[in-house]
Engineer: 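Here it is, the structure, as structure tokens.
Every chain is numbered from 1 and lettered A, B, ... according to where its sequence line falls, protein lines coming before strand lines. Note that these values count all heavy atoms, side chains included, but never hydrogens, waters or copies made by symmetry.
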Amino acid sequence: MPESKEPQRKTLDERNQMSDLERLRHSTAHVLATAICRLWPDAQFAAGPPVENGFYYDVDLEHRISPDDFEKIEAEMKKVVKENQTFERMIVGRDEAMEMAQKGRLAAEMERGTPSHFKIDLLNDIPEDEEISIFKNGEFWDLCAGPHVGRTGNCKAYKLMSVASAFYKGDAANPQLQRVYGTAFKNKTELGEHLERLEEAKQRDHRKLGKELDLFHIDEAVGQGLVLWKPNGAVIRQELQNFIGEHLDRQGYSQVFTPHIGKLDLYRTSGHFPYYADSQFPPIAEREAMKALSDEGCSCGELSNKLESGEVAGFMLKPMNCPHHIKIFQSNHHSYRDLPVRLAEFGTVYRWEQSGELGGMTRVRGFTQDDAHIFCTEEQVKDEIMGCLELVKIVLGTLGMDDYRVRVGLRDPDSTKYVGDSEKWDRAEQALREAASTLGTDFAEEPGEAAFYGPKIDFVVKDVIGREWQLGTVQVDYNLPERFGLEYVGADNSSHRPVMIHRAPFGSMERFVGVLIEHFAGKFPIWLSPEQVRILPISEKFVDDADVVYEKLREAGIRVTCDKADEKVGAKIRLAQLDRIPYMLIIGAKEQESNQVSIRHRDRGDEGSMPVDEFTNRIVEEVRSRSL
RNA sequence: GCCACUGUAGCUCAGGGGUAGAGCAAUUCACUCGUAAUGAAUAGGUCGUCGGUUCAAUUCCGACCAGUGGCUCCA
């Protein structure tokens, strides 16, 4: 989520490239600060940059700003705008600026008893050779590189959106500030349109639709971030799995099944335990060992130490499927003639995500990856990656998801978290780059986005509120084959180390379906619709006729129901529309007479009538072709 | 994990120191109906959990659990 990251210090050049809208938003942030300053003169301000769709300003303040305060703050902002103050840029010397800050004059309308301490800190961050500028609007002076619009009167279309918490400079070791978010546009019309879009977005939130359409449920008693797929959601998931399954066959994959747990030693070998213990569910200790330890009066802390050191044996809920697949690969001898070996599994994994991170289906603690591991020779890497990318493209194309970006995740040269030697990393990164360039889509190389074991290509989409989610992923791994000592016999009759590729076109079923719900706003294409056709008899008199049609559709493999409720057809249609049923079949006297069905589509409305068999053929074809 | 807010019927929400209310859904009855809501009746809740204050707590306070918005994190 790059837009949520603390902005890097921008160079003056970069700042001057700010778009008009960004300028306006940044200026509106100053108007906000001015207003807050007037209402709470002891407020201490940190940074107030423009962000996507708006701006924020970080403020340290005894008073807890709540949405109830927004009206008051906005009223004060309105006054500042009405005063139509000029934004005035003033270049000052470092000492002069420091003196102002010491007197509390920065990000304030007057000198105060306490220094503007965040501004002092920011001042110290400014490189020696850069000039220091103060922006003034009225009596509000702020340390700021700008740029700004001409006058506060230009900021006339804004709205405060929310107040949240943020660590100063994005560092959890720093104090937490109150971050007031606002949105701002050129004029009231554009602001109105933006607010309308947000309202629409709220309507397609997968958490709301998931409840309304009975797709999934997360229950307190089961646990945070553990998704219960209800029958309707399960249909969608199963259809997606079938869809992928067909392509697995086509691409030469072998499907496997593996258990949900594995011994701690397995993960010691893979390097995930105890290295990543914080992001896993706690280990499961063996009963005998637990009993012996408790007889000895061993504390929980000691137990966990002994689990970590290996003195006590235990199991772990699998945080990934790779070690299991590796063990399947290792259970046979392999010649170069066997490669690539492609093992696929819809494998459920468990990860201990921080509680504050969980939400809906997109960030959970137990999820099923449409996972596969490819074991191949170094020469095969590029082709295999291209095959994986092809699959991701088929998946996203079939679903009409073209609004994604491709990210090639490379290692961060300054970090030490990566495993394996750098020559292998270089080769892997190069292979990914080459494969990505055949994709026909723009991609961005992002240092620091690699997994600890290898570089990767991710497909990232945005949800309705603009948050980015990683879906499909293809990752090269030179590390696990090393750790597990994987081998194959080459043409030279000596043993070689295979390369591993991890890949998941959906990423996780949970996240993917969550994103899919929002993508379609609940109106799934017919092949994914939990209920494809609903028959609506006009009155009880036509229930028998409806039953005949129902049976025919069922036999053709269509997911169909019949609404026999004692209601007018208008009410039944309304209900079916709310349930986003693709096709409604209306059956009354006319249809009985002509032996036809009347068709209503959820978007296209009344489509006239035709014989049942003709309709059945049409639906079956629509499902088979997975048309959108 | 951190900060803030929220938790009342299956769902959406109102209320508030004296053990609760609406709409929709559900059930029953009447109506037998033509492309987004027929009418009436009935039933439904330990007011998230556990403690504290109080004659009295769903309401006030605290802790915990869960959700939401951010931050940090994300093999």
Engineer: Which nucleotide, U35(B), C33(B), U32(B), lies nearest any side-chain atom of Glu540(A)?
Structural biologist: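 Selected nucleotide (nearest to the side chain): U32(B).
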
Engineer: Hey, can you tell me if His260(A) and Tyr350(A) have their rings parallel, tilted or perpendicular (30° and 60° cut-offs)?
Structural biologist: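 Answer is tilted, since the angle falls between 30° and 60°.
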
Engineer: Considering only G1(B), G34(B), A66(B), which nucleotide approaches the side chain of Gln354(A) most closely?
Structural biologist: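 Selected nucleotide: G1(B).
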
Engineer: Nearest whole angstrom, please: distance from the C1' of A75(B) to the CZ of Phe273(A).
Structural biologist: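 Roughly 15 Å, once rounded to whole Å.
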
Engineer: Quick one: is G1(B) close enough that its OP1 or OP2 comes under 4.0 Å of any side-chain N or O from Ser355(A)?
Structural biologist: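 It does, given that an N or O in the side chain of Ser355(A) lies less than 4.0 Å from OP1 or OP2 of G1(B).
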
Engineer: Does Ser165(A) make a side-chain donor-acceptor contact with the base of A4(B), cut-off 3.5 Å?
Structural biologist: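 Such a pair does not exist between side chain and base.
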
Engineer: Starting at atom CZ of Arg503(A), determine the distance to atom P of A75(B), rounded to an integer number of angstrom.
Structural biologist: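 Those two atoms, CZ and P, are 19 Å apart.
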
Engineer: Return the orientation label for the Phe512(A) and Phe506(A) ring planes: parallel under 30°, perpendicular over 60°, tilted otherwise.
Structural biologist: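 The rings of Phe512(A) and Phe506(A) sit tilted, inter-plane angle from 30° to 60°.
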
Engineer: Please give the distance between the C1' atoms of U12(B) and C74(B) as a whole number of Å.
Structural biologist: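 U12(B) and C74(B) have their C1' atoms separated by 34 Å.
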
Engineer: What interatomic distance, in whole Å, is found between C1' of A37(B) and the corresponding atom of C73(B)?
Structural biologist: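 About 47 Å, rounded to a whole number of Å.
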
Engineer: Can you tell me the pairing partner of G7(B) across any strand shown, Watson-Crick or G-U wobble, with both distances under 3.5 angstrom?
Structural biologist: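 G7(B) is paired with C65(B).
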
Engineer: What is the separation between atom CZ on Arg207(A) and atom P on U12(B), rounded to the nearest whole Å?
Structural biologist: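 Value for this atom pair: 13 Å.
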
Engineer: With rounding to the closest Å, how many angstrom separate the P atoms on G10(B) and U6(B)?
Structural biologist: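 It works out to 23 Å between them.
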
Engineer: Picking from C33(B), G34(B), U12(B), which would you name as closest to the side chain of Lys211(A)?
Structural biologist: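 Given the options C33(B), G34(B), U12(B), the side chain of Lys211(A) is closest to U12(B).
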
Engineer: Whole Å only: how far is the NE2 atom of His272(A) from the C1' atom of A75(B)?
Structural biologist: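 His272(A) atom NE2 is separated from A75(B) atom C1' by 5 Å.
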
Engineer: By nearest atom, which of the nucleotides U38(B), A66(B), U35(B) is closest to the Gln224(A) side chain?
Structural biologist: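 Shortest atom-to-atom distance from the side chain points to A66(B).
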
Engineer: Please state the C1' separation for the pair A41(B) and A36(B) - nearest whole angstrom.
Structural biologist: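 Here A41(B) and A36(B) have their C1' atoms 26 Å from each other.
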
Engineer: For G1(B) versus U8(B), give the span between their C1' atoms, rounded off to a whole number of Å.
Structural biologist: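 Straight-line distance between the two C1' atoms is 30 Å.
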
Engineer: Answer with yes or no whether Arg363(A) presents, from its side chain, a donor or acceptor under 3.5 Å of a partner atom in the base of C74(B).
Structural biologist: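 Indeed there is one.
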
Engineer: Would the base of C71(B) count as contacting Gln176(A) through its side chain, where contact means a donor and an acceptor less than 3.5 Å apart?
Structural biologist: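 Between C71(B) and Gln176(A), which were checked side chain against base, a qualifying N/O pair under 3.5 Å is absent.
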
Engineer: Is it the case that the base of G1(B) and the side chain of Glu353(A) share a donor-acceptor contact (distance under 3.5 Å, atom types as modelled)?
Structural biologist: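 By the distance-only test, no, there is no pair.
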
Engineer: Under a 3.5 Å cut-off for both distances, is A26(B) Watson-Crick or wobble paired, and to whom?
Structural biologist: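 Its partner is U42(B).
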
Engineer: Quantified in whole Å, what is the C1' atom distance between nucleotide A22(B) and nucleotide A63(B)?
Structural biologist: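 So the two C1' atoms sit 34 Å from each other.
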
Engineer: Is any side-chain heavy atom of Leu317(A) closer than 4.5 Å to one of Gln280(A)?
Structural biologist: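 With C-beta onward as the side chain, the pair stays apart.
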
Engineer: Just verifying a value: how many Å separate Glu567(A) CD and Leu536(A) CG, rounded to the nearest 0.5 Å?
Structural biologist: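 So the gap between those two atoms works out to 12.0 Å.
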
Engineer: Atom CG of Asp171(A) to atom P of C2(B): distance rounded to whole Å?
Structural biologist: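 Answer to the nearest Å: 16 Å.
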
Engineer: Using a cut-off of less than 4.0 Å, is there contact between a side-chain N or O of Lys541(A) and OP1 or OP2 of C33(B)?
Structural biologist: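 It does, given that an N or O in the side chain of Lys541(A) lies less than 4.0 Å from OP1 or OP2 of C33(B).
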
Engineer: Suppose you measure atom P in A40(B) against the same atom in G52(B); what distance do you get, rounded to whole Å?
Structural biologist: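 Between the two P atoms, the distance is 48 Å.
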
Engineer: Do you know which of His325(A), Lys318(A), His324(A) makes side chain to side chain donor-acceptor pair (under 3.5 Å) with Thr258(A)?
Structural biologist: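 Running side chain to side chain donor-acceptor pair (under 3.5 Å) over His325(A), Lys318(A), His324(A) with Thr258(A) returns exactly one hit, Lys318(A).
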
Engineer: Rounded to whole angstroms, how far apart are CD on Glu220(A) and P on C65(B)?
Structural biologist: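 It is 11 Å, rounded to the nearest whole Å.
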
Engineer: Could you please name the partner base of C2(B), counting Watson-Crick and G-U wobble pairs only when both distances are under 3.5 Å?
Structural biologist: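 When the pairing criteria are applied, G70(B) turns out to be the nucleotide that pairs with C2(B).
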
